[in-house]
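Below, read A as the first sequence line, B as the second, and so on, with proteins coming before strands; counting in each chain starts at 1. Note that the structure is predicted; figures quoted are calculated from it, not measured.
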Amino acid sequence: MKINIPANEDDLLARAQALAGLNLAEIAEQAGVVVPKNLTREKGWIGLLLEQVLGASAGSKPEPDFPHLGIELKSLPISMQGKPLETTFVCVAPLTGLVGASWKTSHIRNKMARVLWVPVISERHIPIGERIVGTPFIWSPSPEEEQLLALDWQELTDMIVLGEVENISGKHGQVLQLRPKAANSQAKTQAFNKHGQPFRTLPRGFYLKTSFTQMLLRNHLRID
DNA sequence: GCGTGATCATTT
DNA sequence: AAATGATCACGC
């Protein structure tokens, strides 16, 4: 069941915009999937549902959701006032092989190059099936936005290269953070300490802060 | 364990 | 209330 692959960007956007105003129960029925009672054990359910109904290539491959279009799909939980309710996970953060790495060739820059944002009014008191899809839009970073991302990426990457990954907290970065991204706090991956010696530490991921995604919403949807 | 999809839940 | 750290599911 892998029909419905969008032919081009306009097709994809039109298809996403056709979901605006629908609730997740209606979309789930369309996709033939059951709506969970809560997301505690299915945290990625909404994102996977949207991938399915929009014809994204399934799987956990480290490439855009729509490889032929170079577009990444991101669902964005928002309040009824249009404010992001969560940070946005972008990708895992490499902790090794970073000597000589540059923003321009980074995995995260490639992922953020073109994104289809699909806001979903997702306040926790609203039953999953009754949550409504907002107005989707396709975005690429403006020069200013890319500069903000690049600055944070450089700061965080510098700390990692200097062996200070364990001194990085969610407080670092203006628009981009480095936070745990793992099955649990016992998970381990290799990194290097400040003496250049390898050691095992918690895997991390890059996340966009809500202030940044809120700015995107305002710029593209004129929401206050 | 890694990378995909994220939100949960505790701390500030 | 917002932000940070912890966690859940799935296919390799």
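Considering only side-chain atoms of Asn184(A), the nucleotide from dT7(C), dA2(C), dC2(B) that sits closest is dT7(C). Minimum atom distance to the side chain of Lys83(A) is reached by dA2(C), of the listed dT4(B), dC8(B), dA2(C). Closest to the side chain of Lys181(A), out of dC8(B), dG5(B), dG1(B), is dG5(B). Closest to the Thr210(A) side chain, of the nucleotides dA3(C), dA6(B), dT4(B), is dA3(C).
Heavy atoms of Glu72(A) sit under 4.0 angstrom from primed sugar atoms or phosphate atoms, though from no base atom. No contact: Arg204(A) has no heavy atom under 4.0 Å from any strand. Residue-level contact check: Gly44(A) touches the bases, meaning some heavy atom is under 4.0 Å from a base atom. Nucleic acid contact class of Lys188(A) (heavy atoms, under 4.0 Å, all strands): sugar-phosphate only. Contact annotation for Glu42(A): no contact, since no heavy-atom pair falls under 4.0 Å across all strands.
When the P atom of dC10(C) is taken as reference, atom CG of Leu49(A) falls 16 Å away, rounded to whole Å. Across the protein-nucleic acid pair, Glu51(A) atom CD and dG3(B) atom C1' stand 12 Å apart, rounded to whole Å. In this structure, the CG atom of Leu76(A) is 8 Å from the P atom of dT7(B), given to the nearest Å. Regarding Glu123(A), its CD atom lies at a distance of 14 Å from the P atom of dT7(B), rounded to whole Å. We find that CG of Asn38(A) is positioned 8 Å from P of dC8(B), with the value rounded to whole Å. In this structure, CG of Leu202(A) is placed 14 Å from P of dG3(B), rounded to the nearest angstrom. Atom P of nucleotide dA9(C) and atom NZ of Lys37(A) are separated by 16 Å, given to the nearest angstrom. Atom CG of Leu208(A) and atom C1' of dT4(C) are 16 Å apart (whole Å).
Ion pairing between Glu123(A) and Arg131(A) fails under the 4.0 Å rule for side-chain N and carboxylate O. Between Glu86(A) and Arg124(A) there is a salt bridge, since a side-chain N of the basic residue sits under 4.0 Å from a carboxylate O of the acidic one.
Where His172(A) and Ala182(A) each meet DNA chain C at their nearest nucleotide, the meeting point lying more 5' is that of His172(A). Toward the 5′ end of DNA chain B lies the nearest nucleotide of Lys61(A), the other residue of the pair Thr88(A) and Lys61(A) mapping further downstream. Between Ser122(A) and Glu63(A), the residue anchored closer to the 5' end of DNA chain B is Glu63(A), taking for each the nucleotide with the nearest heavy atom. Of the two residues contacting DNA chain C, namely Leu178(A) and Arg41(A), the nearest-nucleotide position lying further toward the 5' end is that of Leu178(A).
Residue side chain Lys171(A) does not reach the base of dT4(C) through any donor-acceptor N/O pair under 3.5 Å, judged by distance alone. Interface remark: the Lys209(A) side chain does not form any donor-acceptor pair with the dT4(C) base, using a distance-only criterion of under 3.5 Å. Within 3.5 Å, a donor on the side chain of Tyr207(A) pairs with an acceptor on the base of dA6(B), or the reverse.
OP1 and OP2 of dT4(C) both lie 4.0 Å or more from every side-chain N or O belonging to Thr87(A). Between Lys74(A) and the phosphate of dA6(B), there is a side-chain N or O to OP1/OP2 separation shorter than 4.0 Å. A sub-4.0 Å separation between OP1 or OP2 of dC2(B) and a side-chain N or O of Thr189(A) is present. Side-chain nitrogen and oxygen atoms of Gln177(A) include none within less than 4.0 Å of the OP1 or OP2 phosphate oxygen of dA3(C). Contact between the side-chain N/O atoms of Lys43(A) and the OP1/OP2 oxygens of dT4(B) is not found at any separation under 4.0 Å. For dA6(C), the OP1/OP2 oxygens have no side-chain nitrogen or oxygen of Arg179(A) closer than 4.0 Å.
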Side chain to side chain donor-acceptor pair (under 3.5 Å) evaluation trace for Thr210(A) with Thr213(A): CA-CA 5 Å; Thr210(A) 57; Thr213(A) 48; 5.7 Å; no
Residues Asp152(A), Phe206(A); criterion side chain to side chain contact (heavy atoms under 4.5 Å, CB included); working and verdict: CA-CA 10 Å; Asp152(A) 284 349; Phe206(A) 286 118; over 6 Å; no
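In this pair, Phe212(A) and Trp139(A) present their aromatic rings perpendicular. The plane angle is above 60°, beyond the 30 to 60° band.
Leu95(A) contributes atom CG, which lies 8.5 Å from atom CD1 of Ile168(A) (distance to the nearest 0.5 angstrom).
In this structure, a donor-acceptor pair under 3.5 Å is present between the side chains of Thr87(A) and Arg179(A).
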